[in-house]
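We use all heavy atoms of the structure for the numbers below, so side chains are in, but hydrogens, waters and symmetry mates are not. In what follows, every chain begins at residue 1, and chains take the letters A, B, ... in the order their sequences are listed.
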Number of protein chains: 2
Amino acid sequence: MRKRDRDSGQGADAGARSAFNYGPLQNQLGYLLRRAQIAVFRDFFAVFDEFDIRPAQYSVLTLIECNPGLSQTEICKALGIQKPNFVPVLDALEARGFVRRASTPSDRRSYALFLTAAGQNFVRKLHRAAAKHERRIIERVGVHAHDCIFEVLRNLASSSDEER
Amino acid sequence: MRKRDRDSGQGADAGARSAFNYGPLQNQLGYLLRRAQIAVFRDFFAVFDEFDIRPAQYSVLTLIECNPGLSQTEICKALGIQKPNFVPVLDALEARGFVRRASTPSDRRSYALFLTAAGQNFVRKLHRAAAKHERRIIERVGVHAHDCIFEVLRNLASSSDEER
DNA sequence: TATTGTTATACTCTATAACTATA
DNA sequence: TATAGTTATAGAGTATAACAATA
């Protein structure tokens, strides 16, 4: 069965655009941001399915790759994760042999985090998948729009950093 | 390999801008979209705190307001919510006297949803708060960027509608 | 047989308090 | 005393199977 074009048969609305009136929601950034993020993550999951990796795990691996030796607290701060919630995430990545908790001589409370050789190899594959995913998005919205939106999103995202 | 030269003695990084290297994440829409959405929702919560209303509840009230008489299934379709998850959401709004489940004569399985008078009054207050929230965002990113980003976000969001 | 609203359930994500071992 | 990592726990959000009433 098709969509159930509730507003009778006008061919004008040919694209079978959603028949609902979203009112003020249509002009509210928060709502659109959430819907867009869900849609983009859906594509992310499709591309990363074969690797059994979630967005948060990918960002953790990338951050450790680009900043070897960071502590757990620092990674948490960088990604906006709570320390207690980060423990099982890291445990899983360590159990799969991608990350190493190295004890630090200077402060025996904390660990310095590193990718293993397997982890480095793995994250390179992930980056290739991520690039493919990103190309699909650019193809959809256009290069110019893609560039333009980044500036705005970085601006918005940084507003939450400020209050810390 | 370099060993944590990050926190040598830098006064150079005066702005205390984040000292982390985000690598490829900086150029990935999914990551930025998530961070931006979290930041925007944080402001939403601040503005809506006094009303004890969450984003999903606000969107439900708005959709019923703009489309009186819709069934639960239709609301779910419009907002991308699973039917079982929608039941407690609606229960709460009904318990607070904002929404009415009206039995429909034509199909006795389904309810037609309407706002009560109190609900209509309440949602108007919410819209005013939402407008205030939106003005804060526009003030931050600029009118032009705000307009530009909407087009792209709607495009992205609609990509998930298509596959249903 | 199919659909509407519902219950039950499970899994993820997120948030907070409190513990331990170090500092 | 303060901090790093950890444990336990509780609350949202999300997903699926299955049921009763109705179509």
Open item on the list: With side-chain contact (heavy atoms from CB on, under 4.5 Å) as the criterion, how do B:V60 and B:L63 come out once you've worked through the C-alpha distance, each side chain's angles and the decisive distance to 0.1 Å?
Closed with: CA-CA 5 Å; B:V60 168; B:L63 216 76; 5.9 Å; no
Open item on the list: Let's go through A:E134 and A:H146 carefully: what are the C-alpha distance in whole Å and the side-chain angles of both, what is the deciding distance for side-chain contact (heavy atoms from CB on, under 4.5 Å) to 0.1 Å, and is it a yes or a no?
Closed with: CA-CA 10 Å; A:E134 201 69 22; A:H146 189 260; 2.7 Å; yes
TODO: Carefully, step by step, assess B:T62 and B:E65 under the rule side chain to side chain donor-acceptor pair (under 3.5 Å).
DONE: CA-CA 5 Å; B:T62 301; B:E65 180 196 26; 5.0 Å; no
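In this structure, A:I81 places its CD1 atom 16 Å from C1' of D:dA4, rounding to the nearest Å. We find that CZ of B:F86 is positioned 13 Å from P of D:dG13, with the value rounded to whole Å. Atom-to-atom, CZ of A:F45 to C1' of D:dA15 comes out at 12 Å; the value is rounded to the nearest Å. Atom CD of A:Q72 and atom P of D:dT7 are 11 Å apart (whole Å). C:dG5 atom C1' lies 8 Å from atom CZ of B:R101, rounded to whole Å. Between the P atom of D:dT3 and the CD atom of A:E74 lies a distance of 14 Å, rounded to the nearest Å. If you measure from atom NZ of A:K77 to atom C1' of D:dG5, you get 14 Å, rounded to the nearest angstrom.
Partner of A:R135 under the side chain to side chain contact (heavy atoms under 4.5 Å, CB included) criterion, chosen from A:E139, A:K132, A:H133: A:K132.
Under the salt bridge (Lys or Arg N to Asp or Glu O under 4.0 Å) criterion, A:R54 pairs with no residue at all, not counting sequence neighbours.
A:V47 and A:F44 fall within the same hydrophobic cluster, defined by Ile, Leu, Val, Met, Phe, Trp and Tyr side-chain heavy atoms under 4.5 Å apart, directly or through other members.
The stretch residues 91-101 of chain B participates, sequence neighbours left out, in these side chain to side chain donor-acceptor pair (under 3.5 Å) pairs: B:Q72-B:R101, B:D91-B:R101, B:E94-B:R101. Among pairs with a residue in residues 111-126 of chain A, none fulfils side chain to side chain donor-acceptor pair (under 3.5 Å), at least two apart in sequence or across chains.
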Taking only nitrogen or oxygen atoms into account, show me every contact under 3.5 Å that the protein makes with nucleotides 11-13 of chain C, one pair per line with its distance.
from: C:dC13; atom 1: OP1; to: A:R54; atom 2: NH1; distance (Å): 3.2

- [ ] Mark up nucleotides 16-23 of chain D, 5' to 3', with B wherever a protein heavy atom is under 4.0 angstrom from a base atom, S wherever such an atom reaches only the sugar-phosphate, and - elsewhere.
- [x] BB---BBS
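Under the 4.5 Å side-chain criterion, counting only non-hydrogen atoms from C-beta, B:R42 is in contact with B:I38. Taking 4.5 Å as the limit, every side-chain heavy atom of A:T73 sits out of range of all side-chain heavy atoms of A:F86.
The end-to-end axis angle of the helix from C:dT1-D:dA23 to C:dA23-D:dT1, rounded to 10 degrees and based on five pairs per end, is 10°.
For the residue pair A:Q28 / B:Y58, a side-chain donor-acceptor distance below 3.5 Å is found, with atom types taken as modelled.
Look at B:S110 and you won't find any side-chain N or O under 4.0 angstrom from OP1 or OP2 of C:dT3.
Nucleic acid contact class of A:Y111 (heavy atoms, under 4.0 Å, all strands): sugar-phosphate only.
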